[in-house]
Visitor: 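Provided herewith is a single structure, encoded as structure tokens, for subsequent inquiry.
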Amino acid sequence: MEITTMNANVMVLAKKRGVPLVKPVAGLIAVLILAGCGTIKPEPLTQDEITARVNRDRTEMYRGQEALRGPLTLSDAMARALKYNLDYRLKMMETALSRSLLDVSQQDMLPKLMADAGYRWRDNDSGGTSVGIDDGVVSLRPSTSEEREHYLSSATFSWDVLDFGMSYFRAKQQADEVNIAEERRRKVLQNIVQEVRDAYWRALGAQRLLDETQPLAEQIAQALDKTREAEQAGILPPIEGLEYQRALLDGMTLLNQKRQQMELAKSELTALINLPPGTPLVLQDTPGPLAPAPTNIDKLEQMALERRPELREEDYKTRIDSYETKRQIASLFPNLNLFASINYDSNDYLYNSNWIESGVGVSMNLFKLLSIPSISTANDARAQTDDARRMALSMAVLTQVRVATERYKLASYDFQIAEQSAQVDQRLASISRAGSDNSLTSDLETLRTQARSIVSRFQEASSYAEAQAAYGRVLNSVGIDLLPDQVDKTDVASLSRQIQTSLRQQESSVFARTAGVVVEKHPIAVQITRLPSGISRGTVEQSVGRVIEANHLSLEPSPNSINLQMSFSSGSSSGTRKGIWTMRVKDATGAEVLTRQYTSYLPNETSTRSISALAEAATLSITSDLQRLAGATPVLSAAP
């Protein structure tokens with residue numbers, strides 16, 4: 001009777017509970033999910049969205065940049081590239097990402113503390129009966145010890161020794177990944193510096209010469225028209241007219257080729273320092289002397305093997321592989337698991353609804369011991385591969401050092417030849433202008449020599465830029481860094497000063513004397529003391545000044561300037577008139593340090609044009625001496 005009453009009470013209680021709210025809610029969610037399946041379609045971006053993205057990116061690319069102030073020096077360009085170049089920004093972000101991943105890896109070594117909470121519901125009662133093993137007779141009536149609805153919660157602290165070991169070695173590997181990202185950042189920075197150096201000097205050569213190119217191009221175009229008219233009018237024989245046109249067109253072609261090559265350099269430099277396209281850019285015109293080629297190649301090779309980012313990256317990869325070997329060996333050991341938890345269950349049928357649980361477990365995959373020979377073979381092969389890759393890269397680095405050094409020697413020698421050729425062509429152009437008699441053929445020859453002179457000066461500037469680029473490749477092959485270890489300020493001006501100081505210190509370890517080293521430079525002051533009557537003194541001084549400035553010398557009076565005194569006289573020899581320029585050079589103290597004479601044939605009609613041209617030729621004959629005395633020798637003697 002009591003049992004029957006109890007069963008009746010249980011049934012009534014079950015009926016009162018009814019179906020909870022979670023069941024219809026779950027059904028509604030399922031219907032919504034099924035209804036949403038298959039309704040997603042591709043939606044292309046609208047033009048407004050694309051335009052908004054482009055405008056946002058263009059704003060972000062140049063946001064927060066310091067404005068240009070005054071002429072841009074080489075160290076200023078490097079500082080702006082360091083601070084604003086987008087490729088370098090990307091590498092900085094990759095380094096920061098690697099550091100963040102290291103923090104995540106370190107968190108994996110911590111023990112686990114899992115908090116768990118839940119709700120359970122079923123539509124009928126769980127339970128069971130007991131059956132006799134021997135006779136199969138049911139010994140207990142059906143019963144349950146779990147409510148249809150109840151809540152669960154727990155907090156479990158666990159520590160897995162094997163997982164800790166695996167996480168430890170993964171964290172060590174990730175730490176070396178941070179070092180690899182740092183070396184890759186160094187490499188990108190070194191390459192950017194090399195590109196900035198190359199583009200800067202080519203852009204400076206273009207800045208110096210492009211203003212002289214356009215007037216000459218217009219004169220050549222006019223001369224071509226006159227030549228065609230003279231040929232059609234019968235003033236010039238057809239063959240002679242075509243030969244002059246061919247010579248002028250050849251000069252124009254060479255001029256355009258050199259001009260285009262060097263005009264592009266300014267756009268490249270603008271991109272490297274992340275300035276908006278079309279930004280006016282003025283470079284500081286201070287080309288310095290080139291350093292003599294390094295001779296201690298063994299020292300440079302040792303420095304390269306120690307400093308190059310690629311080899312340091314290989315060292316870190318080797319260490320990562322060694323950690324991988326240790327990780328694989330550690331995975332063979334037995335695993336020890338420790339845990340403790342605090343639990344709660346709202347089930348009213350439980351005698352204790354709160355309890356604490358703890359335990360220790362040991363496990364080991366015995367079949368994994370069979371992989372020991374394979375792991376050992378793979379680790380040996382990995383170590384041998386690392387060594388072979390590092391040796392191959394080391395040989396490539398040593399080759400790069402020697403090739404870069406030889407290229408610098410050849411580039412320095414090429415610049416010497418280009419400089420001498422430019423001076424010869426300038427003298428030819430001056431003499432041609434001096435001997436011009438205003439006839440068509442004479443004017444055409446003068447234009448041809450002038451075009452050749454400009455082309456030679458472009459070649460000189462290009463050769464100097466190539467020598468500077470070769471100088472940078474020597475530094476890059478050794479692995480010279482741009483910045484010191486500690487940077488005090490990050491504004492462009494402070495970065496520029498720190499870069500200049502750091503580079504000079506580090507370059508001194510490669511070159512006996514660094515390129516562009518600060519030396520005392522003296523400007524040139526020109527004084528024309530004697531001229532034939534009717535000759536414009538100002539025009540002659542301007543002609544001499546153009547020659548001086550075109551050959552990397554400063555023209556301005558100052559207390560420490562070198563005084564160039566020039567006087568003209570004429571004479572005759574074997575019935576031929578000759579013009580003689582006497583040149584005396586005095587230093588800042590007034591002491592005479594150089595005396596030279598330049599003699600040339602004098603045209604029958606002496607004019608300001610002819611005297612000015614002869615003055616240019618005379619000045620060009622002592623340009624090397626002036627550069628030496630003024631402290632602006634463009635290049636030292638170097639053998640090919």
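Because the structure is a prediction, the values reported are computed rather than measured.
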Visitor: Of all heavy-atom pairs between Ser509 and Met303, which one has the smallest distance, and what is that distance?
Guide: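 Looks like OG-CE, 3.6 Å.
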Visitor: Check whether any side-chain N or O of Ser376 sits under 3.5 Å from a backbone N or O of Pro373 as a donor-acceptor pair, and report yes or no.
Guide: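 No; judged by distance alone, with no hydrogens or angles, the pair does not exist.
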Visitor: Below 4.5 Å, heavy atoms only, C-beta onward: do Leu283 and Leu269 meet side chain to side chain?
Guide: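 Sidechains of Leu269 and Leu283: in contact.
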Visitor: For Arg382 and Asn379, test the side chains for any donor-to-acceptor distance below 3.5 angstrom and give the result as yes or no.
Guide: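 Judged by distance alone, the side chains do pair up.
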Visitor: When rounded to the nearest 0.5 angstrom, what distance separates CD in Gln328 from CD1 in Ile372?
Guide: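 One finds 12.0 Å between CD of Gln328 and CD1 of Ile372.
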Visitor: Let me confirm one number: the CD1-CG distance from Ile320 to Asp386, rounded to the nearest 0.5 Å.
Guide: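 Those atoms lie 10.0 Å apart.
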Visitor: Is the shortest side-chain heavy-atom distance between Arg389 and Leu393 below 4.5 Å?
Guide: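 No - every pair of side-chain heavy atoms lies 4.5 Å or more apart.
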Visitor: Could you check Asp160, Val161, Leu162 and say which one makes a side chain to side chain contact (heavy atoms under 4.5 Å, CB included) with Asn337?
Guide: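 That would be Asp160.
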Visitor: For the residue pair Arg473 and Val401, establish whether any side-chain heavy-atom pair is separated by less than 4.5 Å.
Guide: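 No, side chains not in contact.
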Visitor: Does a side chain donor of either Ser453 or Asp425 reach within less than 3.5 Å of an acceptor in the other side chain?
Guide: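 Side chains of Ser453 and Asp425: no pair found under 3.5 Å.
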Visitor: Where do Ser477 and Ala404 come nearest, in terms of heavy atoms and distance?
Guide: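 The answer is OG-CB, 3.9 Å.
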Visitor: For Ser394 versus Leu311, what's the shortest heavy-atom pair and its separation?
Guide: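 Between these two residues, the closest heavy atoms are OG-CD2, 3.5 Å.
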Visitor: Are Leu629 and Val593 packed together at the side-chain level, in the sense that at least one heavy-atom pair is separated by less than 4.5 angstrom?
Guide: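 With C-beta onward as the side chain, the pair touches.
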Visitor: How close do Asp76 and Ser496 get, heavy atom to heavy atom, and via which atoms?
Guide: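 Taking every non-hydrogen atom into account, OD1-OG, 2.6 Å.
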Visitor: What do the steps show when you test Asn335 against Met364 for side-chain contact (heavy atoms from CB on, under 4.5 Å), and what is the final call?
Guide: CA-CA 6 Å; Asn335 181 31; Met364 182 176 182; over 6 Å; no
Visitor: Tell me if a side-chain donor or acceptor on Tyr316 pairs with a main-chain N or O of Glu183 at a distance below 3.5 Å.
Guide: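 A pair under 3.5 Å: no.
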Visitor: Mind checking the OG-CD1 spacing from Ser508 to Ile480? Nearest 0.5 Å is all I need.
Guide: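 Rounded to the nearest 0.5 Å, the OG-CD1 separation comes out at 8.5 Å.
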Visitor: Do Leu189 and Arg186 come within less than 4.5 Å of each other through their side chains, counting heavy atoms only?
Guide: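 No - every pair of side-chain heavy atoms lies 4.5 Å or more apart.
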Visitor: Is it true that Lys409 and Glu406 have a side-chain N and a carboxylate O under 4.0 angstrom from each other?
Guide: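 Glu406 and Lys409: salt-bridged.
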Visitor: Counting heavy atoms not belonging to Arg407, are there more than 12 under 6.0 Å from its CZ?
Guide: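 Not buried by this count: 12 neighbours or fewer within 6.0 Å.
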Visitor: Under 4.0 Å between a Lys/Arg side-chain N and an Asp/Glu carboxylate O for Glu313 and Lys317?
Guide: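 Yes, charged N to carboxylate O under 4.0 Å.
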Visitor: If I compare all heavy atoms of Ile273 with all of Ala77, which pair ends up nearest, and what's the gap?
Guide: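 What the structure gives for the nearest pair is CG2-O, 3.3 Å.
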Visitor: I need the minimum non-hydrogen distance between Tyr408 and Pro294, along with the two atoms involved.
Guide: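 Here Tyr408 and Pro294 meet closest at CD2-CD, 4.5 Å.
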Visitor: Apply side-chain contact (heavy atoms from CB on, under 4.5 Å) to Ser75 and Arg497, showing your working.
Guide: CA-CA 7 Å; Ser75 59; Arg497 289 190 295 269; over 6 Å; no
Visitor: Is a salt bridge present between Arg504 and Glu507, judged by a nitrogen-to-oxygen distance below 4.0 Å?
Guide: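 Between Glu507 and Arg504 there is no salt bridge, as every charged N stays at least 4.0 Å from the carboxylate O atoms.
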Visitor: Regarding Tyr464 and Gln468, do their side chains bring together a donor and an acceptor under 3.5 Å, going by distance alone?
Guide: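 Distance-only check passes for Tyr464 and Gln468.
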Visitor: Regarding Ser463 and Asp414, is there a side-chain donor-to-acceptor distance under 3.5 Å anywhere?
Guide: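 Distance-only check fails for Ser463 and Asp414.
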Visitor: Hey, are the side chains of Val360 and Phe339 touching, using non-hydrogen atoms and a 4.5 Å cut-off?
Guide: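 They are not in contact (no side-chain heavy atoms under 4.5 Å apart), so the answer is no.
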Visitor: Evaluate the side-chain contact (heavy atoms from CB on, under 4.5 Å) criterion for residues Phe415 and Glu466: first the C-alpha distance (whole Å), next the side-chain angles of each, then the deciding distance (0.1 Å), finally the verdict.
Guide: CA-CA 8 Å; Phe415 174 63; Glu466 286 294 331; over 6 Å; no
Visitor: Could you tell me if Ser494 and Gln498 have a donor-acceptor pair between their side chains, going purely by distance under 3.5 Å?
Guide: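 No, no side-chain donor-acceptor contact under 3.5 Å.
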Visitor: Is the number of heavy atoms from other residues, nucleotides or ligands under 6.0 Å of Phe333 CZ greater than 12?
Guide: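 Counting neighbours around CZ of Phe333, 12 or fewer heavy atoms of other residues, nucleotides or ligands fall under 6.0 Å, so no.
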Visitor: Check whether Gln284 reaches the backbone of Leu72 with its side chain - one donor and one acceptor, N or O, closer than 3.5 Å.
Guide: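 It does not hold such a pair.
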Visitor: To the closest 0.5 Å, what do you measure between CD (Gln420) and CD (Glu460)?
Guide: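 Atom-to-atom, Gln420:CD and Glu460:CD are 10.5 Å apart.
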Visitor: Step through it carefully: locate the ring centre of Tyr168, locate the ring centre of Tyr323, and say whether they are under 6.0 Å apart.
Guide: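 Ring-ring flag for Tyr168/Tyr323: false, centres at least 6.0 Å apart.
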Visitor: Just wondering, do Leu475 and Arg197 contact through their side chains at under 4.5 Å, heavy atoms?
Guide: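 Sidechains of Leu475 and Arg197: in contact.
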Visitor: Using side-chain heavy atoms (C-beta onward) and a distance below 4.5 Å, is Val585 in contact with Asp625?
Guide: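 Sidechains of Asp625 and Val585: no contact.
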Visitor: So, Ser322 side chain and Arg319 main chain: donor-acceptor pair closer than 3.5 Å or not?
Guide: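 Such a contact is found between Ser322 side chain and Arg319 backbone.
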Visitor: Quick one: CD1 on Ile524 to CD1 on Ile562, what's the gap to the nearest 0.5 Å?
Guide: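 Atom-to-atom, Ile524:CD1 and Ile562:CD1 are 4.5 Å apart.
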Visitor: As an exercise, state the distance from CG of Asp481 to CG of Leu503, rounded to the nearest 0.5 Å.
Guide: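 Here the rounded value is 9.5 Å.
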Visitor: Can Gln194 and Gln190 be said to form a side-chain contact (heavy atoms from CB on, under 4.5 Å), step by step?
Guide: CA-CA 6 Å; Gln194 171 65 25; Gln190 290 174 3; over 6 Å; no
Visitor: I'd like to know if the side chain of Ser462 reaches the main chain of Phe458, judged simply by a donor and an acceptor atom lying under 3.5 Å from each other, with no hydrogens or angles considered.
Guide: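 Not confirmed, Ser462 side chain does not pair with Phe458 backbone.
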Visitor: Could Lys172 and Asp176 be called an ion pair, given the rule that one side-chain N must be under 4.0 Å from one carboxylate O?
Guide: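 Result for this pair is no, no salt bridge flagged.
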Visitor: Quick check against the 3.5 Å criterion: does Ser502 have a side-chain atom that pairs as donor or acceptor with the backbone of Ile499?
Guide: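 Between the backbone of Ile499 and the side chain of Ser502 there is no qualifying donor-acceptor contact (under 3.5 Å).
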Visitor: Inspect the contact between Arg312 and Glu306 and indicate whether a charged nitrogen and a carboxylate oxygen are less than 4.0 angstrom apart.
Guide: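 Judged by the 4.0 Å cut-off on N to carboxylate O distance, Glu306 and Arg312 do not form a salt bridge.
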